[in-house]
Structure formats: structure tokens, C-alpha cells
K.L.:
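First the structure, which I've put down as C-alpha cells, then a few questions once you've had a look.
Numbers for residues simply follow the sequence, beginning at 1. We count ligands from 1, going down the list as the structure has it; atoms in each ligand are counted the same way.
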Amino acid sequence: MDSPYLSRLARGIEPYVPGEQPTSDGLIKLNTNENPYPPSPRVEEALRGRAARLRLYPEIDARTLREIIARREGLSPEQVFVGNGSDEVLSFCFPAFFDPEEPVRFPAVTYSFYRVYAKLFGIPYEEVPMLPGFAVDVQAMTAGRGGAILPNPNAPTSLELPLAVIEDMARAQREKGRVLVVDEAYVAFGQEPSAATLVPRYDNLLVTRTLSKAHALAGLRVGYALGQRGLIEGLLRVKDSFNSYPVDSLAIAAAAAALQDEDYFRLRRDQVVRTRDFFRQGLLERGFAVLPSSANFVFARPNFCPGRELFAALRRRNVLVRRWDAPGIEEYLRISIGTQEEMEKVLAILDEIRASSV
Ligand SMILES: *Cc1c(COP(=O)(O)O)cnc(C)c1O
């Protein structure tokens with residue numbers, strides 16, 4: 001029972017539920033799209049000896065980190081916003097860009113945090129039904145009066161829209177004077193170039209990124225947004241009404257080090273992509289329906305038992321994946337890509353389960 005002391009808002013919200021973070025070892029953990037490899041060794045170097053400086057507040061506006069990001073993207077530091085994980089950046093987008101008179105649109109099958117933010121900030125929303133095969137209905141996404149937000153590649157479907165389609169959406173939104181937010185949490189694993197290349201031409205486009213997935217820094221909590229100055233200023237207004245220093249000095253140093261080690265980044269990304277393609281092929285050979293993946297996970301439906309049963313059978317064998325009891329996707333599992341050895345083991349475990357269920 002809720003405490004009678006809670007506000008109506010606190011009583012009414014339904015928080016996002018992340019995948020579990022078990023503390024025990026011995027699990028193959030494929031439920032939160034973390035990177036199976038450690039971050040760049042430069043991160044450890046960057047953190048060494050920093051404890052004494054923790055007595056000071058961090059650098060205002062994470063300027064050093066924003067400069068590094070800006071240089072990589074061919075933008076100016078004023079076109080970069082940094083936050084405590086991209087979840088925080090995405091949450092700030094709702095009060096910064098969306099109004100209560102106009103529903104914000106997002107795909108019906110997508111990152112479920114958008115719905116939570118909309119409710120928290122009192123923004124109405126419209127979930128745009130998926131087209132066959134879980135395709136995003138691009139026309140419908142921009143047909144409303146208000147803003148639009150979507151991940152590209154989408155989660156949990158792992159499907160990617162071409163850059164030209166993102167540009168069409170940005171243009172359609174700009175024509176009616178509204179914002180398009182593109183959440184690029186998984187862009188490193190896809191084939192399409194980032195929508196960041198459109199930022200100089202679309203003053204209504206905001207692109208968010210995270211260091212949690214491809215840079216293997218989920219525990220650090222650093223994400224960022226790229227957009228023209230007007231949008232970035234909107235985010236800063238919200239941030240400065242909430243917490244002046246959401247990104248701590250250790251996070252700034254570690255994120256800067258990871259972003260600058262491009263060779264390491266590419267090495268690990270390529271490993272994950274190779275294992276993903278190997279694993280997807282293995283699932284197809286075992287009769288799964290698997291969407292083509294542009295992310296570090298696959299979205300797959302077994303043909304030999306219900307999704308719920310397979311989820312439980314994997315769990316009993318210490319393999320943790322993600323599944324939702326939501327209409328249209330209840331038969332699917334979202335399986336993050338681990339190391340090559342882990343994914344070979346998962347395929348062997350699937351063979352065991354399949355043999356025992358027939
Ligand atoms: C993981 C994820 C995020 C959150 O990233 P953090 O930077 O760890 O907060 C945002 N959007 C999508 C679609 C994600 O899957």
C-alpha cells in the first residue's frame with residue numbers, strides 16, 4: 001500500500017523496470033545490453049589518483065568532455081549536452097521540448113522509458129502502431145501536432161531506419177515547428193551513419209547517445225545529446241533547474257578517455273557485431289524467427305515452445321535474457337550479445353532445451 005504521505009503524482013506514476021542486476025556470479029547475463037568486454041584500458045588510467053580532487057565540485061557544464069565530443073562530431077561544444085546517462089538526457093527532453101496540449105508520438109514497440117517520462121512530466125502521448133514485421137510507421141510518427149521521439153536502431157526490435165528516412169522525419173517535424181528526438185543508443189552497431197550529420201541543417205533535431213553500450217561504461221552513467229544551440233539551451237534550462245552537476249568529475253575523466261580510444265572502440269564493436277551475426281545465424285538454424293539486427297542484441301521468437309517457457313528454461317540454466325508480457329511481443333526474447341564463448345554456450349543450451357521439450 002502506498003504511504004498516505006505521497007503526492008498524487010508519486011502515487012500515479014509507474015516507474016520503468018530495468019532488467020535485473022544479479023550480484024551472483026555464474027550467470028550468463030544477456031538481459032540489459034551491456035558490453036561483454038571491459039572498457040578501454042585508458043579509462044583506468046584516467047581514474048587513477050583522482051580521489052583527492054573529489055573535494056571540489058566538477059567542472060561546470062563538463063566543458064572538456066563536451067569539447068572532445070564536439071570535435072569528433074564536427075560540431076561546436078555549444079551543440080553538445082552531457083548528462084548522467086542518456087536516460088537523464090532523454091528525460092530532460094520531455095519538459096524541454098514537449099507541451100501538455102500536444103501529444104508526443106513514439107512507436108508502440110520501443111524503449112518503454114519514453115512512456116514513463118511522458119507520464120512523469122504530464123505530457124500526453126500517442127503510441128504509433130507498428131507496421132508488419134515491427135517496422136516503424138514513419139508517416140504516422142510525424143502526422144501528429146506535437147513532438148516525436150524514437151530510437152534508431154529501435155529497441156527491442158533491433159531494426160534500423162535509413163538516414164534518409166530520419167531526415168524525412170526531421171523535415172516533416174520542422175515544417176510544423178516541432179522537435180524530433182533520435183535516441184542513438186545502438187548506432188555504433190548498425191550500418192547507417194548517425195543522424196548527427198543532419199544536426200547542422202535541422203534546428204529541430206536532437207540526437208542522443210550513450211557510453212553505456214558500445215563503450216562498455218554502463219556503470220559510469222554518461223550520455224549526451226547533439227543539437228543546435230537552441231535545443232541544447234532548452235536542456236540546460238531543465239538541468240539547471242534540477243541539479244547543476246549531474247555528471248561527476250570521475251565520469252567526465254573516464255568518458256573522455258574512452259571516447260578518445262577509437263581503435264579500442266572499433267575493435268570491441270567489431271567483435272560484438274561478428275558474434276551477433278554468428279548467433280543470429282545459429283538461432284535461424286534452430287528454427288527461431290529473428291529480426292535482422294543493427295544492435296548489440298537480437299529479438300527472436302522460438303518455434304518449439306512459448307516465449308515465456310523458453311525464458312524460464314534459460315533462467316533455470318543460468319542464462320538471463322529479457323522478455324515482456326506486452327501484446328504483440330510476448331513470444332519474443334531480447335537476447336544481448338555476450339562474448340563469442342558465451343553465445344556458443346547459449347546455442348548449446350538451446351539445443352538441450354529443444355531436445356527436452358519435444
Ligand atoms: C540503454 C538505452 C538507453 C539508456 O542509456 P543510459 O545512457 O545507460 O541511460 C537509452 N535508450 C535506449 C533505447 C537504450 O536501450
Side-chain angles (χ1 to χ4, degrees), residues 15-21 29-36 39 62 65 69 80-94 104 106-118 120 127 130 134 136 141 148-161 166 180-190 192 194-196 206-226 235 239 242-243 246-248 251-252 254-255 258-259 269 272 276 291 293-299 321-324 326 329 332 334-337:
Y16 176 75
V17 184
E20 60 178 304
Q21 289 293 120
K29 188 176 180 303
L30 308 175
N31 68 331
T32 51
N33 299 342
E34 288 147 330
N35 200 306
L65 180 54
I69 295 167
V80 180
F81 176 86
V82 178
N84 186 28
S86 67
D87 284 340
E88 184 185 77
V89 179
L90 291 163
S91 75
F92 289 169
C93 289
F94 283 72
V104 56
F106 43 81
V109 176
T110 198
Y111 192 37
S112 38
F113 232 139
Y114 305 152
R115 194 185 317 133
V116 175
Y117 296 139
L120 176 64
E127 299 181 81
M130 310 310 284
F134 296 106
V136 172
M141 276 292 295
I149 179 168
L150 81 168
N152 195 43
N154 195 10
T157 65
S158 77
L159 299 175
E160 176 175 51
L161 290 170
I166 298 291
L180 173 68
V181 179
V182 181
D183 174 354
E184 291 194 337
Y186 301 104
V187 70
F189 303 104
E192 288 292 320
S194 164
L206 192 90
V207 177
T208 68
R209 303 259 186 82
T210 176
L211 275 78
S212 298
K213 315 283 167 51
H215 290 87
L217 287 170
L220 191 70
R221 314 304 303 127
V222 176
Y224 58 95
L226 308 168
L235 293 174
K239 172 190 85 90
F242 165 76
N243 179 350
V247 187
D248 66 74
I252 291 171
L259 285 169
R269 191 239 354 244
V272 169
R276 173 193 74 199
L291 300 190
S293 173
S294 296
N296 65 342
F297 57 87
V298 294
F299 200 50
V321 301
R322 197 95 201 265
R323 181 186 162 271
W324 291 269
I329 60 169
Y332 282 78
R334 189 197 70 187
I335 309 173
S336 310
I337 300 304

K.L.:
Please say whether Asp87 places an N or O atom under 3.5 Å from an N or O atom belonging to ligand 1.
P.N.:
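Between Asp87 and ligand 1 (N or O atoms, distance only) the closest approach is under 3.5 Å.
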
K.L.:
Just distances here: any N/O of Arg221 and N/O of ligand 1 closer than 3.5 Å?
P.N.:
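By distance alone, the answer is yes.
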
K.L.:
How far apart are the C-alpha atoms of Tyr16 and Tyr111, what are their side-chain angles, what is the distance that settles it, and do they pass the ring-ring contact (aromatic ring centres under 6.0 Å, His included) test?
P.N.:
CA-CA 10 Å; Tyr16 176 75; Tyr111 192 37; 5.6 Å; yes

K.L.:
Run the contact test for Ala185 against ligand 1 with a 4.0 Å cut-off on heavy atoms, strictly below, and give the result.
P.N.:
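True for this residue.
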
K.L.:
May I ask you to check whether Phe297 and Tyr186 place their ring centers less than 6.0 Å from one another?
P.N.:
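Yes.
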
K.L.:
Looking only at protein heavy atoms, which one is nearest to atom 1 (C) of ligand 1, and how far off is it?
P.N.:
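Going by distance alone, atom 1 (C) of ligand 1 is nearest to Lys213 NZ, 1.3 Å.
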
K.L.:
With atoms numbered from 1 as shown, which atoms in ligand 1 lie under 4.0 angstrom from a non-hydrogen atom of Thr210?
P.N.:
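Numbered from 1, ligand 1 contributes 5 (O), 6 (P), 7 (O), 8 (O).
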
K.L.:
Taking the ring of Tyr117 and the ring of Phe106, is the distance between their centroids below 6.0 Å?
P.N.:
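Distance test on ring centres: not under 6.0 Å, no.
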
K.L.:
Quick one: does Arg334's side chain get under 4.5 Å of Asn33's, heavy atoms only?
P.N.:
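In contact.
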
K.L.:
Taking the minimum heavy-atom distance to atom 15 (O) of ligand 1, which of Tyr111, Tyr224, Tyr186 ranks first?
P.N.:
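The nearest heavy atom belongs to Tyr186.
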
K.L.:
I need the nearest protein heavy-atom contact for atom 5 (O) of ligand 1: residue, atom name and distance, please.
P.N.:
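Answer for atom 5 (O) of ligand 1: Ser86 OG, 3.0 Å.
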
K.L.:
Between Glu127 and Arg115, is there a salt bridge with N-O shorter than 4.0 Å?
P.N.:
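Between Glu127 and Arg115 there is a salt bridge, with a charged N closer than 4.0 Å to a carboxylate O.
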
K.L.:
Report the distance from atom CD of Glu184 to atom CG of Leu206, rounding to the nearest 0.5 Å.
P.N.:
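So the CD of Glu184 and the CG of Leu206 are separated by 10.5 Å.
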
K.L.:
Side chains of Asn84 and Asn243, heavy atoms from C-beta outward: is any pair under 4.5 Å?
P.N.:
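Not in contact.
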
K.L.:
Looking at Ser212, which atoms of ligand 1 are within less than 4.0 Å of one of its heavy atoms?
P.N.:
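What qualifies from ligand 1 is 6 (P), 7 (O), 8 (O).
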
K.L.:
Find all atoms of ligand 1 within a distance of less than 4.0 Å from any non-hydrogen atom belonging to Gly85, and give their numbers and elements.
P.N.:
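Listed by number with element: 7 (O), 9 (O).
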
K.L.:
What protein heavy atom is closest to atom 11 (N) of ligand 1, reported as residue, atom name and distance in Å?
P.N.:
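Closest protein heavy atom to atom 11 (N) of ligand 1: Asp183 OD2, 2.6 Å.
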
